[in-house]
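Inspection log for the structure reproduced underneath, given as structure tokens.
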Amino acid sequence: MKTSLFIAIVLLSGFSAGVIHGLLNLFMVEPFLDTAIGIENKNMFATGEAADTPDFWVEYYSYRAWQKGGQILAGAILGTSVGSLFGVVLAYSRNVLPGNNFVKKTLALALIMWITVYVIPFVKYPANPPTVGDPETIVLRQTLYLAFIAISGFAAVGFYQLYKRIDKKLLAFIGYGAFMTAMFFVMPGNPDPITAPEDLISGFRISSVITVSVFWLAAGLILGVLWQKFNPDKIKQTTPQ
Amino acid sequence: MSYSKEITVSKSGVPKIALVALAAVFVFGLFVVGYDQGHLFSVVFGEQAFADLYIHELTHDMRHAAGFPCH
């Protein structure tokens, strides 16, 4: 395998998918974030934690511009990061993934990883907009979320090992489903109450799911196309005759 | 008389250096976007970084949108 080419196409595909994710968020998720932060501001005015003054709004619009601009950069960083994990998993699984070309293989892997490291953790710990989340519980919530992603991801790898060794393949899928269902009830829930309006929460979550799903689709598609075009597995060798 | 011929072969091994590099990018990027609460800048700015939260604010909207827990 051509090491530098492999790394380059993995990073480029993750970066590109991340930028798409960030751009999409600006249109689909930002309106919900603005509404949620508006509620936060009203709460701060009501409790006297902040005053509704021109100075407040100057500072507010300044840091909101910083946060919104950060969507693209953070998307690029997160996309490159998750894309790197995607590349590592692809490197080990590319010979066993279904599909007769790399676009089909990467899309199949993107679907598997979307389910195991995004959808299943989301079901247990769904995304929340600002106004939901106590700063005092942030470390606990971050730990639980990361732990559930790791449990689901490693369980998928573990049950794949079982899948390879047994004749009744369906048992491996049932085993994974049963294990994750058990984990769903064993792991503690999000300790923070949801106080924001229900339509805000549901609208935000639907938009969040759509944009993250587009990220996984884009990551799979772009890496598949790049792999198909440049194939880092192929190397030229000179043989004596 | 001898001569050489160039052929294209397919090698399916995975270079360890590539895996280490990509794993490092994964961990660093995930920490920056999903988890930093001033930790990275605290190396330079000390305790003040935990109050300023520059990276947290920069990644704030993506952190929420991507499903990571936030304040």
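By convention in this document, chain letters (A, B, ...) are assigned in the order of the sequence lines, proteins followed by strands, and residues within each chain are numbered from 1. Only this structure's heavy atoms are used, side chains among them; waters, hydrogens and symmetry mates stay out.
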Might you confirm whether atom [atom1] of [X] has over 12 heavy atoms from other residues, nucleotides or ligands at distances under 6.0 Å?
X: B:F28; atom1: CZ; answer: no
X: A:W66; atom1: CH2; answer: no
X: A:F56; atom1: CZ; answer: yes
X: A:L23; atom1: CG; answer: yes
X: A:E59; atom1: CD; answer: no
X: B:Y54; atom1: OH; answer: no

[atom1]/[X] to [atom2]/[Y] distance, rounded to the nearest 0.5 angstrom?
X: B:I55; Y: A:I77; atom1: CD1; atom2: CD1; answer: 8.0 Å
X: B:T59; Y: A:L78; atom1: OG1; atom2: CG; answer: 9.5 Å
X: B:F68; Y: A:R141; atom1: CZ; atom2: CZ; answer: 13.5 Å

Where does [X] contact chain B at under 4.5 Å (heavy atoms): side chain, backbone, both or neither?
X: A:F6; result: side chain
X: A:F86; result: neither
X: A:L85; result: both
X: A:F215; result: neither
X: A:K2; result: neither
X: A:V132; result: backbone
X: A:P126; result: neither
X: A:R64; result: side chain

- Message: I'd like to know which of B:V33, B:V27, B:L30 tops the heavy-atom pair count under 4.5 Å against chain A.
- Response: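 With the most close heavy-atom pairs to chain A, the winner is B:V33.
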
- Sort out for me which of B:A65, B:A66, B:A18 touches chain A most, counting heavy-atom pairs under 4.5 Å.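 Among the listed options, the one with the most contacts to chain A is B:A65.
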
Determine whether [X] and [Y] make a side-chain contact, defined as any pair of heavy atoms from C-beta on separated by less than 4.5 Å.
X: B:Q37; Y: A:I138; value: yes
X: A:E30; Y: B:D61; value: yes
X: B:L58; Y: A:Q67; value: no
X: B:H60; Y: A:I37; value: yes
X: A:L11; Y: B:L22; value: yes
X: B:L19; Y: A:Y92; value: yes
X: B:K16; Y: A:T3; value: no

- Could you tell me which portion of B:V32 (side chain, backbone, both or neither) has an atom closer than 4.5 angstrom to a non-hydrogen atom of chain A?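 The answer is the side chain of B:V32.
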
- Evaluation steps, side chain to side chain contact (heavy atoms under 4.5 Å, CB included), between B:F26 and A:V88: CA-CA 10 Å; B:F26 167 62; A:V88 169; over 6 Å; no

- Kindly give the heavy-atom pair with the smallest separation between A:A91 and B:V14, and that separation in Å.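 That closest heavy-atom pairing would be O-CG2, 3.5 Å.
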
- Message: Assess the residue pair A:N25 and B:H64 against the criterion (side chain to side chain contact (heavy atoms under 4.5 Å, CB included)); give the C-alpha distance rounded to whole Å, side-chain angles, the decisive distance to 0.1 Å, and a yes or no.
- Response: CA-CA 10 Å; A:N25 280 342; B:H64 279 284; over 6 Å; no

